[in-house]
Amino acid sequence: MATERYNARTSEPKWQKAWDAEKLFETKNDDPRPKYYVLEMFPYPSGRIHMGHVRNYTMGDVVARFRRANGCNVLHPMGWDAFGLPAENAARDNKVNPRDWTHANIATMKGQLKTMGLSLDWTREIATCDPSYYRHQQKMFLDFWQSGLVERKAAKVNWDPVDMTVLANEQVIDGRGWRSGAPVEQRDLTQWFFKITSMSQSLLDGLDTLDRWPEKVRIMQQNWIGRSEGLLLRWALAEDTAPAGESELEVYTTRPDTIFGASFMAVAADHPLARKAAETNPRLAAFIDEVRHMGTSVATLETAEKRGFDTGIRVIHPFDKNWTLPVYVANFVLMDYGTGAIFGCPGHDQRDLDFANKYGLPVTPVVKPEGVDAANFQVTEEAYGDDGTMINSRFLDGMTPDAAFNDVATRLAGVIIGGRPQAERKVQFRLRDWLISRQRYWGCPIPVIHCDDCGAVPVPNDQLPVELPVDVSFDKPGNPLDHHPTWKHTACPKCGKPARRDTDTMDTFVDSSWYFARFTDPWNATAPTTLAYVDGKNGWLPVSQYIGGVEHAILHLLYSRFFTRAMKATGHVNAVEEPFEGLFTQGMVVHETYKGPSGWVTPAEVKIEEVDGKRKASLLADGTPIAIGPIEKMSKSKKNVVDPDDIIASYGADTARWFMLSDSPPERDVIWTEAGVEGAHRFVQRIWRLISEAASLLEGVEPAAADAGAGATISQTAHKMLKGVGEDIERLHFNKGVARIYELTNVLSPAVAEIGTGVGDASHKAAVRQALEFLVVMIGPMMPHLAEECWAALGGKGGLVAAQSWPIFDPTLVMDNEFTYPVQINGKKRGDLTIARDADQAAVEKAALGLDFVQKALEDRAPRKVIIVPQRIVNVVA
RNA sequence: GCGGGUGUGGCGGAAUUGGUAGACGCGACGGACUCAAAAUCCGUUUCUGGUGACAGAGUGUCGGUUCGAGUCCGACCACCCGCACCA
């Protein structure tokens with residue numbers, strides 16, 4: 001029977017409508033089944049979806065559909081990370097309102113996502129730029145403020161001169177703004193901060209509980225938080241060298257054990273002591289000025305050579321009144337870490353050694369490695385940073401560095417100077433507070449009013465939300481809210497006098513730090529969350545499986561972890577602290593690049609041919625030769641992008657989805673190739689041919705597993721694959737599941753063809769029928785439209801596949817009755833031995849030794865040893 | 001510099017964690033069907049030698065542990081990612 005080709009263009013919209021009509025993916029909060037929350041990172045509405053989205057949302061959809069088939073009440077929502085600078089740039093360049101631009105993009109992208117056939121609950125859709133969303137964010141900002149989690153303070157902040165706004169530390173990459181790529185400058189400004197550092201320890205400890213997160217991400221966060229244990233240590237200044245009014249220098253050190261190896265002190269250029277000393281020393285003042293200027297750009301700071309300037313100040317060693325050390329101002333000491341001052345121990349710190357060598361300062365090793373003679377141990381070019389034994393350290397000699405650390409800490413803690421101990425233990429974090437002020441329009445307004453008399457005053461609850469004005473102009477550079485003629489002028493809520501609104505908006509990472517909580521009840525108009533649904537016994541959080549790009553390993557994921565804790569502290573969630581129980585970071589979609597005489601060329605314009613075994617590219621239009629470049633992340637600048645719309649239009653969504661899941665492990669990059677898509681499409685057609693052929697042959701046949709004859713092999717394979725595919729999806733090993741589905745198809749195709757020729761009894765047919773139904777259910781999460789079409793062709797028993805349960809495999813069929821042992825001689829495989837699965841070791845040994853190739857190898861001698869691992873292997877040692 | 005990861009056919013990648021290396025897919029080659037092509041179907045496809053059955057080699061390199069190593073240990077090489085004067 002000739003069957004028509006599967007036509008995705010007509011089938012896919014048909015089934016999407018059928019799912020909508022049944023409201024299959026709308027989730028009820030009070031559904032009693034076990035809850036499963038699967039979430040993909042929501043997109044920025046840039047205009048069109050790209051292949052990265054297709055990959056991300058396909059994976060999430062497979063998980064959602066699979067969990068649904070396994071009896072879970074699945075929450076799988078979608079929304080829009082809708083605030084951000086591109087909308088303002090579009091407004092400036094094209095004279096459109098950011099709101100209109102954003103909403104138009106959302107409409108387009110929503111349409112594109114719908115063509116993918118994702119099982120999303122669109123009734124919960126949210127956009128962060130809607131006042132109905134950001135009003136709650138403003139409320140939480142004020143709640144956080146009241147709870148001491150928000151602070152307005154002056155600080156040295158990162159200024160992006162292109163985007164004309166400040167940036168958080170996390171948004172500065174290699175000294176450049178994360179979006180603009182412009183070198184970031186340091187400015188002193190008063191800004192709003194979330195006090196993320198108040199939760200440093202909790203954020204660090206929480207990482208240990210996240211066993212379903214990639215190790216890599218946990219390590220990155222751990223390093224970013226950067227905890228160290230050390231000592232705050234005060235050094236007395238030698239009186240005759242101290243500037244007026246100064247008597248001591250406090251440093252932070254993690255190596256107090258090396259205190260006898262100290263040879264100098266170094267302070268940051270901004271350190272108060274440096275400023276004081278510079279007052280009477282013009283050359284020092286000039287040096288400090290120079291260092292400060294160099295410090296404007298973070299990028300130049302990193303490559304700078306280590307330089308210093310002797311202030312003339314001397315400090316007295318805590319354990320030796322007669323030992324004085326020089327105090328330098330050094331360009332490599334940071335003011336905002338520790339106390340902005342260090343003691344230099346050149347023997348055991350490379351920077352200090354470089355510095356000491358440059359300025360001729362003494363180098364005394366105080367820790368020696370194991371097995372080295374103390375008298376001969378010297379440090380010249382390379383500092384020794386490892387463990388060992390204390391030397392040249394008086395009362396510390398012979399101790400381990402750990403013990404010496406404790407000894408020094410204890411001794412100096414007991415020395416009280418000026419009412420304070422000379423040293424205190426101190427845990428220091430690298431993490432800084434989260435700067436959230438942005439001098440931009442298209443963001444959530446900070447709900448604060450500045451009054452000359454009352455200071456910064458919260459906007460009262462009944463005046464929320466503070467909405468963005470619509471009539472803004474982007475003609476002038478800078479912040480349109482600040483330029484707006486009336487918006488910022490208002491009355492002080494406290495005293496009623498004229499006052500000004502804060503014209504800054506919040507970092508857009510604030511918007512994405514709680515959207516996952518909002519999805520649990522987006523209809524709540526009075527509060528950000530509904531406590532009954534957000535977490536706890538009947539709540540959704542934490543997200544069971546979160547999927548997104550690794551580029552958010554620190555930014556979004558760290559902020560969300562903080563925000564969840566802050567929401568708990570302010571009563572917006574019940575108990576949850578870690579918002580994402582399972583995290584998966586998927587790889588990128590990459591593609592070959594093509595370069596012609598006049599620059600980069602898109603894949604759609606290129607024809608690829610194979611000439612003498614070599615791939616050659618030429619321009620489709622006129623045959624101009626094109627150079628095939630390296631495989632890179634799809635980007636507009638390299639033009640190596642493939643538009644999901646084009647793929648879906650020509651092959652259908654299922655082909656695109658299947659390709660995204662095939663071959664490449666999901667955490668790795670996937671190389672998009674034309675040949676690969678065609679291969680995926682061929683499989684779509686192959687499944688359809690198989691099912692439509694079988695549908696007529698097996699009409700009326702009741703599916704059942706066979707336990708004997710040819711059908712038994714079919715049933716065994718089908719049940720094994722059913723088990724395997726389920727496990728693969730559970731572990732997100734989609735590529736392995738795909739391979740198994742191919743294998744099952746490879747078994748079923750000839751089986752169906754055989755039935756077509758009239759071979760096979762009833763039990764065989766029943767087994768094939770069952771295997772085919774398994775196959776259709778198994779492809780359901782991956783290629784949902786094709787699965788529906790196939791299911792309908794097979795009779796459509798029980799309605800839509802999307803509503804079917806995942807079948808349960810029969811354990812007895814998954815186990816073979818016989819086992820084929822590979823038989824090795826001296827560790828090399830020489831043959832097989834098929835024997836009953838329950839044969840005991842003696843029986844296996846006897847049978848193995850009876851094999852002719854074993855006898856030949858042994859040449860009548862007795863084997864030295866026979867190793868039998870049940871259900872594994874036989875190894876005969878001759 | 002520090003931290004993490006990866007390295008397997010022409011290519012993407014499998015290998016129940018110490019037990020048959022190369023599943024599955026792509027590509028290539030040969031054949032069938034066709035006037036022809038596309039599509040489809042059937043074979044072959046790690047390398048070397050041999051018509052062949054077969055033999056030998058083989059998971060970045062070198063060494064080690066083991067009856068047995070892609071997997072464990074030691075040293076090294078290459079590439080990728082993250083952090084980077086954090087005291």
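Note on naming: letters A, B, ... go to the chains in the order of the sequence lines (proteins, then strands), and numbering restarts at 1 for each one.
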- Task: Would you kindly compare A:Arg668 and A:Arg872 by the position of their nearest RNA chain B nucleotide and give the one closer to the 5′ end?
- Result: A:Arg668
- Quiz item: cation-pi between A:Arg5 and A:Trp688, 6.0 Å / 45°: no
- Quick one: label A:Asp352 by what it contacts on the DNA or RNA (base, sugar-phosphate, nothing), any heavy atom closer than 4.0 Å. nothing
- Counting any heavy atom closer than 4.0 Å, what does A:Asp349 reach on the DNA or RNA strands: base, sugar-phosphate only, or nothing? nothing
- Should B:U34 form a Watson-Crick or G-U wobble pair with both distances under 3.5 Å, which nucleotide is its partner? none
- Smallest heavy-atom separation, A:Pro603 atom then A:Val642 atom, equals CG-CG2, 4.3 Å
- Task: Name the closest nucleotide to the A:Thr253 side chain, picking from B:A87, B:G3, B:G12.
- Result: B:A87
- Message: From C-beta outward on A:Lys829, which listed nucleotide comes closest to its side chain: B:C26, B:C24, B:U20?
- Response: B:U20
- Message: As a test of reading the structure: which of B:G25, B:G19, B:A87 is closest to the side chain of A:Ser228, going by heavy atoms?
- Response: B:A87
- Query: If you check the A:Asp832 side chain, which of B:U20, B:C24, B:G19 turns out closest?
  - Reply: B:U20
- So what does A:Arg432 touch, heavy atoms closer than 4.0 Å: a base, only the sugar-phosphate, or nothing? base
- What's the closest nucleotide to the A:Val877 side chain, out of B:A15, B:G4, B:C67? B:C67
- Task: Return no unless some side-chain N or O of A:Arg5 is found under 4.0 Å from OP1 or OP2 of B:U40.
- Result: no
- Is there a donor N/O on one and an acceptor N/O on the other, under 3.5 Å, for the side chain of A:Lys216 and the base of B:C81? no
- Message: I want to check something: taking the side chain as every heavy atom from C-beta on, are A:Ser664 and A:Phe734 in contact at a cut-off of under 4.5 Å?
- Response: no
- Which nucleotide in B:C24, B:G12, B:C26 has an atom nearest any side-chain atom of A:Glu743: B:C24
- Candidate nucleotides B:G4, B:A87, B:G12, ranked by approach to the side chain of A:Val333 - the nearest: B:A87
- Query: Out of A:Phe355, A:Phe287, A:Phe343, which residue meets the ring pair (Phe, Tyr, Trp, His ring centres under 6.0 Å) rule with A:Tyr328?
  - Reply: A:Phe355
- Task: Using a heavy-atom cut-off of under 4.0 Å over every strand shown, decide if A:Tyr742 touches base, sugar-phosphate, or nothing.
- Result: sugar-phosphate
- Task: Could you work out the separation of B:U71 and B:A15 based on their P atoms and round it to a whole Å?
- Result: 15 Å
- Nearest-nucleotide comparison on RNA chain B, the residue closer to the 5′ end among A:Pro665 and A:Ile342: A:Pro665
- For A:Asn735, report the nucleic acid contact type (base, sugar-phosphate, nothing); a contact means any heavy atom under 4.0 Å. sugar-phosphate
